Amino acid sequence: MTAEKLPMTLLEELAFRGQLYQVTDADGLAERLARGPITLYGGFDPTADSLTVGNLATLLILTRFQRAGHRPIALVGGGTGMIGDPGGKSQERALNTAEVVDEFTRKIRSQMEPFLDFDSGTNPAQMVNNYDWLGSIGAIELMRDVGKHFPIPYMLAKDSVKSRLETGISYTEFSYMILQAYDFLELYRRHDCELQIGGSDQWGNITAGSDLIRRAVGGSCFGLTCPLVTTADGTKFGKTEAGAIWLSPERTTPYEFYQFWVNTDDRSVVNYLKVFTFLSVDEIIQLEETVTTNPGAREAQRALAHEVTALVHGKQTALKAERISRALFYGELQELEEDELQLAFHDVPTHTMEGDEQDLVDLLVAAGVSSSKRQARQDISQNAISLNGDRCADESHTVRKSDGLHGKYIVVRRGKNKYFLIQ
RNA sequence: GGGGAGAUACUCAAGCGGUCAACGAGGGCAGACUGUAAAUCUGCUGGCUUCGCCUUCGCAGGUUCGAAUCCUGCUCUCCCCA
């Protein structure tokens, strides 16, 4: 991959995208980037077997750096993940076993592959696992060579620690910053890595790293954080009532993933386009206009959903998710051919009905549409349920498979945008 | 170690012998209006074989015709004094 000829510098573009929050030495970094390619890294915690949309911002910044000609390193915290970052948590974290963390690490690694080019001739991306060095370092070595550079008052002053002094923090989590700082030092030694990026909650850990490098070997390195993504209504980004939005298609189907983005609030959509897509500055400005001139068309949301889904799941899958969405929200279900229907609903929760006919209330519960019979009756009486496009408010309705589309498919819709397929 | 306060549904929080499946707020779900958005208004929010029944108010017993409400023991949490 070669560096793109951008009308603005990388830092300027990141600034436009609202992705610059804190930089250790903004002028120095701009100067350094102007001198030539730099090696940088961002870390990812293996706390589950999949990344979530919450990890995307950091990942995309690495990608942007690579596209600008720099050498990104994605660090998977196989070692630090076994300790737990105290920042942002009110309680001590449960520690996973080495085997579990190892499993998570492998899966996360594969999820990064669409974002980073590992085979570039000029500036290939790399993946490292900090377990490789943290796993084998001795206690004495760590304390003498690394711990010596950490004054206790300095450590106590970090927000991540300070906020936990009242509620309690173990020595394990207290030491976390030492390990993450050591990562930076190790990458500086091994790969000449000069920059660490992360979310704004990582600022303390990042500066701990650059400070360590200066104290231990006299090197000068940079840190850069991006703001944490916020939602218009103040809720935590990337979470729905059903839980987090994952990158893994096993955890969040591409259709659900697409829907997550397409449902973005008008107030946030431009911000998300900047953070989560590679659309150009001009394209984003154009889409921004459509939000005010023709909000009902939801062009910006569609573009956002398409771009991010294509990035994570591939172009074909994104088109499929779009096709399903069109069929569900704008198409006439009856017009769909059987194979189209099957294809369209591949990602939608599906239930196989036993026998040819069943009481609607029982069916809704069995198919997971409603959580209980009482809830099912309520949904029906509130006009929330429609079968194959027709509202059904009759609690004693009996569903016959033979009445379905193509003699066997019943499309159940609950509320405005929850779909289920019964066959 | 001594003294005090408290544990109620997803969360916060009323209730302090019957009218309590349990006020209220938040959250969630749904309807109307819209644009698969937001805001607003309305309904619902333990379960079922639903004009009734069953199981819930930290746990285990007890008093009573009847308890979330009173008594006893247990577990846990918080505060004050040492």
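Predicted model, so just to flag it, every value in this text is computed and none were measured. Protein chains get the first letters and strands the later ones, always in sequence-line order, with residue 1 at the start of each.
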C1' gap between B:U75 and B:A60, integer Å: 10 Å
Span that lies between the C1' atom of B:C78 and that of B:U69, in whole angstrom: 23 Å
P spacing across the pair B:A7 / B:C57, given as an integer number of angstrom: 14 Å
B:G6 and B:C71, which share atom name P, separated by this distance in whole Å: 12 Å
Sorted by number, the residues of residues 305-327 of chain A with heavy-atom contact under 4.0 Å to RNA chain B: A:Ser325
Protein proximity profile, nucleotides 44-57 of chain B - base contact B, sugar-phosphate-only contact S, no contact -, cut-off 4.0 Å on heavy atoms: BS-SSSB-------
Atom-to-atom span, OH of A:Tyr258 to P of B:U36 - whole angstrom: 13 Å
Interface residues of residues 289-296 of chain A with RNA chain B (non-hydrogen, below 4.0 angstrom): A:Pro295, A:Gly296
By salt bridge (Lys or Arg N to Asp or Glu O under 4.0 Å) - contacts of A:Glu338 (at least two apart): A:Lys408
Closest-nucleotide ordering on RNA chain B, the 5'-leading residue of A:Arg414 and A:Phe329: A:Arg414
Partners passing side chain to side chain donor-acceptor pair (under 3.5 Å) against A:Glu256 (at least two apart in sequence or in another chain): A:Thr253
Pairwise P distance, B:A67 and B:G58 [rounded to whole Å]: 15 Å
Spacing of the C1' atoms in B:G17 and B:A68 (rounded, Å): 11 Å
Results of side chain to side chain donor-acceptor pair (under 3.5 Å) for A:Ser200 - residues two or more places apart only: none
Length of the line joining A:Glu299:CD and B:G35:C1', which is rounded to integer Å: 12 Å
Rounded distance in Å between the C1' positions of B:G73 and B:A21: 29 Å
